[in-house]
2 protein chains.
Amino acid sequence: MADLKLKDLRYLVALADTRHFGRAAERSFVSQPTLSAQLKKLEDYLGVQLIERAPKRVALTAAGEEIVERARRILEASEEIVELAKGHRDPLAGQLKLALLPTIGPYLLPNVAARLRKQLPRLELMLYEYQTDPMLEKLHSGEIDVGILALPVQMDGLDSYELYKEPFTVAVPTSHKLASRQSIKVDDLAHETLLLLEDGHCLRDQALDICSGADVNEKQNFRGSSLETLRQMVAAGVGITLLPELAGRGAYGAARGVTIRPFVKPVPTRTIGAVWRKSSARREAILALAKLIEAHAL
Amino acid sequence: MADLKLKDLRYLVALADTRHFGRAAERSFVSQPTLSAQLKKLEDYLGVQLIERAPKRVALTAAGEEIVERARRILEASEEIVELAKGHRDPLAGQLKLALLPTIGPYLLPNVAARLRKQLPRLELMLYEYQTDPMLEKLHSGEIDVGILALPVQMDGLDSYELYKEPFTVAVPTSHKLASRQSIKVDDLAHETLLLLEDGHCLRDQALDICSGADVNEKQNFRGSSLETLRQMVAAGVGITLLPELAGRGAYGAARGVTIRPFVKPVPTRTIGAVWRKSSARREAILALAKLIEAHAL
DNA sequence: GTCAGCCATAGATGTCTTCTATGGAGTTTA
DNA sequence: TAAACTCCATAGAAGACATCTATGGCTGAC
């Protein structure tokens, strides 16, 4: 046997309101026989008479009254679902869980935060910081919607969008001999003491990769836990380090005792991109966000 | 466009539980393509993507999660309706609003109350006392389900069942000359002072009708408001009255100073019946009640 | 590279809602 | 008292839509 249908409940409530089959049918945009027959089926299905049909008087039985009451609640809740869905229709609204690399987040966000609020006002960003591998895991598991990291990464099931190419810069103590140069070659780093982040930070590998040609010495027994740690170490004269350009600019860049110098061409860079699940329903919001960052990151 | 269907919500909840189209379909007793297509239609109708479809991973969007939550509530409530209906299926259960004439109620109920509780234990009787006309009104309006009164009455839209024929008896002061008779003829009432109920009581009209042949005098400036008032007046020697047989028996019948005597044949009687709306859904319970009264009233 | 798992699509089928037309009971009006 | 009207139920036809089986396509695993 068929089961309960919302439509039938609507018919029943319409009848309860009008106490008249014809007008209830009209209100339900169906013919009177349709409403009549469907309500009879509803009674058959429930095994209870809901309606007293008298020539000039339609009334509900006790069972009918109780069921109408619940039917109203159900119909209200079903309307809520529709309304709720309406609220979710705007692809540029709602929560978007965004993760950034620790070497990107604090330096990129100040550049785009204001524009974000203006251009995507209904997008509620939830911010997280993860290193590449945990970020990819949380992306796959659905914990976050989009990650901003250094490309390339393993892309199975993921889509990506290239945001910008970020030049590396060299950070040296202000008193260092390289501080007087306008720009620096990779070979100039030979025999320098290089300060690097701890394992897990992709920036560590990128820096090592850049310096693989030159004969540099990584400072032993030291692993910085953040770029700010590195910066302070450089200021203290312990060694030099490589900083992504964004990290060398703005409020953070002006640290005392540290001088930032660009590389000469070909400037080593890293590619920053946004990554999300191919199957993500937030693709549209993510692309809007990505394009905004692309345009205003640097 | 079609509207929300409970079945679709069931599919969605099944998918939320299993996170697998095939198993959700199995749990819903439909094929996988059916569930797939219906959920897509649901998304189209709501205008929101509810499901992230990835090769090895089915997940819900934020909208999906919220809607599933409400869908669960709706489905629970719809189950409640079915359960509620089940509880109303027993035609011999539930409330039954029963009205009796004031000249019947106190005398009939003691005879049947015990049997009622035993034979119709799930029937919850709500008792009322009304005179004939208000009773018929409340019957038509649906305020009460069944009335017990003296037939015949105006039967438009009503059904009736004859319960019993109630003989009238004569109540006289014990010191009255008629008290010594074994039985009484209507003509014996000639020149007696007759005590009657106030207007509105059908018993008043019945008594007047019976006595219309004899030359009796209704006590002026007096109208009893209940049979008990009349009985006390008789005991006080003010006059005589007619009592329905049930009112002359049992606990009430034994009042001091009052003697009850039967009429000789043809004994005047009134016909007591049950009356209900032709359209009433409680017909079955009413008939069961009526047959019980018919068997055990006298 | 092949295989298995899984969801989407296509086309056919059948159920069930819905319609119009009509019947029948009851009430009101001429 | 008959006729017209109101209102709900029934009948039969038409149409909409959910459902099925078969199949395709994509992905991840061995």
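By convention in this document, chain letters (A, B, ...) are assigned in the order of the sequence lines, proteins followed by strands, and residues within each chain are numbered from 1. Heavy-atom basis, side chains included; hydrogens, waters and symmetry copies ignored.
Using a 4.0 Å heavy-atom cutoff across all strands shown, K278(A) reaches no nucleic acid atom at all.
Ion pairing between a basic and an acidic side chain is recognised when a charged N comes within 4.0 Å of a carboxylate O; K86(B) and E83(B) show such pairing. Looking at R72(A) and D17(A), a side-chain N of the basic residue comes within less than 4.0 Å of a carboxylate O on the acidic one, giving a salt bridge.
Atom OH in Y11(A) sits about 9 Å away from atom P in dT17(C), given to the nearest Å. Per the geometry, CG belonging to L39(A) stands 11 Å off P belonging to dT18(C), to the nearest Å. Atom pair Q32(A):CD and dG23(C):P shows a separation of 15 Å (rounding to whole Å applied). Going from atom NZ of K41(B) over to atom P of dT9(C) covers 13 Å, rounded to whole Å. When the P atom of dA25(C) is taken as reference, atom CZ of F21(A) falls 18 Å away, rounded to whole Å. In this structure, L15(B) places its CG atom 11 Å from C1' of dC7(C), rounding to the nearest Å. If you take CG of L50(B) and P of dC7(C), they are 16 Å apart, rounded to a whole angstrom. The NZ-P distance, from K40(A) to dT17(C), rounds to 15 Å in whole Å.
Contacts between residues 58-70 of chain A and DNA chain C, counted as heavy-atom distances below 4.0 Å, involve no residue at all.
With dC7(D), dT19(D), dT10(D) as the candidates, the nucleotide lying closest to the side chain of H20(A) is dC7(D). In the set dA18(D), dC19(C), dA10(C), the nucleotide with an atom closest to the side chain of V30(A) is dC19(C). Of the listed nucleotides (dT19(D), dC7(D), dA9(D)), dA9(D) has the atom at the smallest distance from the side chain of S36(A). Ranking dA21(C), dT9(C), dT17(C) by closeness to the Q38(A) side chain, first place goes to dT17(C). The side chain of R53(A) lies closest to dC8(D) when the candidates are dA10(C), dT19(D), dC8(D).
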Protein-nucleic acid N or O pairs under 3.5 Å, nucleotides 13-16 of chain D:
none

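Formation of a donor-acceptor pair under 3.5 Å by the R277(A) side chain with backbone atoms of R283(A) is not found in this model. Without hydrogens or angle criteria, T18(A) side chain to H20(A) main chain gives a donor-acceptor distance under 3.5 Å. Here the side chain of R204(A) pairs a donor or acceptor atom with the backbone of L197(A) at under 3.5 angstrom.
Proximity of L203(A) to R270(A): side-chain heavy atoms (C-beta onward) are separated by under 4.5 Å at one or more points. When side chains are defined from C-beta on, E294(A) counts as touching Y161(A), because their heavy atoms get closer than 4.5 Å. At least one side-chain heavy atom of R70(B) sits less than 4.5 Å from a side-chain heavy atom of E80(A). Side-chain contact between T271(A) and E162(A) is present, with heavy atoms from C-beta onward closer than 4.5 Å.
Of all heavy-atom pairs spanning H140(B) and R57(A), the tightest one is O-NE, 3.1 Å.
For the pair T34(A) and dC19(C), the criterion of a side-chain N or O lying under 4.0 Å from OP1 or OP2 is met.
Two residues, D156(B) and S31(A), neighbour DNA chain C, and the one matched to the more 5' nucleotide by heavy-atom proximity is S31(A). Comparing L35(B) and G157(A) against DNA chain D, the residue whose closest nucleotide sits nearer the 5' end is L35(B). When each of F29(A) and A54(B) is assigned the nucleotide of DNA chain C bearing its nearest heavy atom, the one mapping closer to the 5' terminus is A54(B).
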